[in-house]
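In what follows, a single structure is set out as structure tokens and then discussed.
By convention here, the first residue in the shown sequence is residue 1. Computed from a predicted model, the values in this text were never measured in an experiment.
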Amino acid sequence: MSERYSFPAYPNGWFRVAYGHELEIGDVAPLHYFGQDLVLFRDEAGEAHVLDAHCRHLGAHLGYGGEVEGEGIRCPFHAWKWNGEGVCTDIPYAKRIPAGARIRAWPTVEKNGLVMVHHHATGAPPGYEIPDLPQVGADGWTPFEIRRWKVRSRWLDMNENAVDQVHFHYVHGAVTTPETRVEQDGHILRCQSRMKLRTPRGDAQGGIDTTDFGPGFQTVDLTGIIETLMVNTSTPIDEDYTDVSFAYTINAEGNEEKARGVGTAIVRDLEKQFEEDRPIWENKKYFDNPMLCDGDGNFGVYRRWMSQFFSDESGP
Ligand code: FES
Ligand SMILES: [Fe+2]
């Protein structure tokens with residue numbers, strides 16, 4: 001285990017493994033998440049599936065040369081065919097399919113333009129669902145503008161940013177320390193911040209409402225300059241690295257000129273903020289018992305909330 005963390009690397013919950021528009025019918029892609037090799041494919045009916053990567057026969061990686069056929073994927077090595085549930089449905093040269101010829105299939109959903117899988121240390125079924133976001137694809141809202149980073153940090157450090165009200169001033173140049181309210185609702189954590197922002201056009205009043213739905217999926221509603229929704233997702237790659245992505249959509253209804261200008265500025269500012277946070281995230285250590293003071297944010301609520309996504313089987 002990485003010495004920087006006293007928590008296991010892989011929490012339980014839903015995680016993005018791809019953007020839906022990047023995966024056409026018949027596409028096959030190798031993935032590496034949760035320290036494991038996986039294969040992603042979209043079958044001919046349009047459904048996305050994720051299986052463990054290695055064919056149960058003699059171990060070929062289905063992501064390298066596997067071919068979609070109907071509702072399954074055929075292995076490049078000896079042509080065994082596996083369906084989306086990981087069951088072997090055909091061996092062209094055998095009279096009988098061996099009992100128990102199965103590959104682990106990961107629970108997969110496609111929502112809000114994201115292909116997501118459920119990870120659980122014991123393989124338990126999902127304990128919560130990802131909501132459908134009404135803004136995504138709605139009239140007047142711009143198509144997703146996507147940014148992606150590989151960061152040497154874990155989701156719990158990055159998500160903790162939202163409750164860390166003081167860092168907005170010292171790291172990101174917020175004019176004042178924002179007023180932040182944090183509340184937990186089962187697997188959901190809501191964090192509302194109000195602050196004064198320094199923009200090229202002068203100071204503005206801004207609002208950031210961050211909502212976490214489990215460890216891998218977070219929405220950020222930005223108000224004040226223009227209505228923006230950010231869908232932030234982070235998926236553990238291995239014990240050290242996380243695949244982080246922000247997807248932005250902006251309400252351009254009746255105001256396309258302004259939306260384009262302000263939208264570009266917001267996106268540029270968010271990228272700047274990310275680069276400001278990154279060296280801190282990549283080099284910090286996670287303290288179980290940080291020495292907090294009365295001006296700090298509500299870390300207690302955050303840390304109680306995030307601990308529910310680990311089970312005894314999650315590891316040391
Ligand atoms: S290794 Fe996949 S069919 Fe033989
Ligand atoms: Fe930050």
Side-chain angles (χ1 to χ4, degrees), residues 1-15 121 127-128 149 151-197 206-222 230-236 239-242 244 246 270 273-312 314-316:
M1 188 172 63
S2 170
E3 275 177 15
R4 293 165 61 205
Y5 298 95
S6 50
F7 272 94
Y10 309 125
N12 303 325
W14 286 103
F15 297 88
Y128 65 93
W149 296 268
V151 187
R152 197 181 78 96
S153 183
R154 290 193 188 168
W155 68 281
L156 43 79
D157 271 338
M158 292 181 270
N159 288 31
E160 195 165 77
N161 245 237
V163 299
D164 184 356
Q165 55 192 33
V166 175
H167 101 286
F168 284 107
H169 175 66
Y170 292 101
V171 178
H172 303 307
V175 183
T176 52
T177 297
E179 296 284 314
T180 301
R181 266 203 5 234
V182 189
E183 94 196 358
Q184 182 192 343
D185 177 6
H187 68 282
I188 297 173
L189 186 78
R190 289 192 187 85
C191 180
Q192 301 182 309
S193 296
R194 296 290 169 269
M195 69 195 75
K196 211 188 262 180
L197 301 168
I208 303 184
D209 292 350
T210 304
T211 313
D212 290 280
F213 299 86
F217 183 88
Q218 178 187 67
T219 62
V220 184
D221 293 281
L222 300 169
M230 248 200 309
V231 179
N232 299 346
T233 48
S234 54
T235 311
E239 295 205 346
D240 296 311
Y241 286 91
T242 304
V244 180
F246 292 176
L270 290 166
Q273 289 202 26
F274 190 89
E275 292 306 333
E276 288 165 349
D277 281 320
R278 184 214 273 274
I280 295 179
W281 291 337
E282 294 202 323
N283 297 291
K284 76 187 285 292
K285 185 173 166 131
Y286 187 91
F287 285 157
D288 266 342
N289 56 345
M291 184 64 64
L292 298 171
C293 72
D294 56 8
D296 281 320
N298 207 332
F299 290 88
V301 174
Y302 174 77
R303 291 187 171 203
R304 269 194 302 284
W305 168 81
M306 73 87 174
S307 64
Q308 71 182 292
F309 303 107
F310 298 105
S311 35
D312 291 345
S314 297

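Checked against a 6.0 Å centroid threshold, the rings of F217 and F15 do not count as neighbours. A centroid separation of 6.0 Å or more is found between the aromatic rings of F213 and W14.
Side-chain contact annotation: D212 with H187, donor-acceptor N/O pair under 3.5 Å absent.
Classified by interplanar angle (parallel below 30°, tilted 30° to 60°, perpendicular above 60°), the ring pair F309/W305 is perpendicular.
Taking the side chain as every heavy atom from C-beta outward, V301 and L189 approach each other to under 4.5 Å. Contact annotation: the side chain of P11 never approaches that of R154 to less than 4.5 Å [non-hydrogen atoms, C-beta and beyond]. Contact annotation: the side chain of N161 approaches that of H167 to within less than 4.5 Å [non-hydrogen atoms, C-beta and beyond]. Under the 4.5 Å side-chain criterion, counting only non-hydrogen atoms from C-beta, V163 is in contact with F299. When side chains are defined from C-beta on, T211 does not count as touching Q218, because their heavy atoms never get closer than 4.5 Å. When side chains are defined from C-beta on, T180 counts as touching C191, because their heavy atoms get closer than 4.5 Å. Side chains of T210 and Q192 form no contact here, defined as non-hydrogen atoms less than 4.5 Å apart. Between D296 and V166 there is a side-chain heavy-atom pair separated by less than 4.5 Å.
Between E3 and K285 there is no salt bridge, since no side-chain N of the basic residue sits under 4.0 Å from a carboxylate O of the acidic one.
Remark: the backbone N or O of D240 is not paired with any side-chain donor or acceptor of R152 at under 3.5 angstrom. Between the side chain of Q308 and the backbone N or O of G186 there is at least one donor-acceptor pair closer than 3.5 Å. Of the possible donor and acceptor atoms, none in the side chain of N298 sits under 3.5 Å from a partner among the backbone N and O of R181. Side-chain atoms of R190 do not come within 3.5 Å of backbone N or O of D209 as any donor-acceptor pair. A donor-acceptor pair under 3.5 Å links the side-chain atoms of Y302 to the main chain of L156, judged by distance alone.
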Next item on the list: Give the intermediate values and the outcome of side-chain contact (heavy atoms from CB on, under 4.5 Å) for residues Y286 and D157.
Entry: CA-CA 7 Å; Y286 187 91; D157 271 338; 3.3 Å; yes

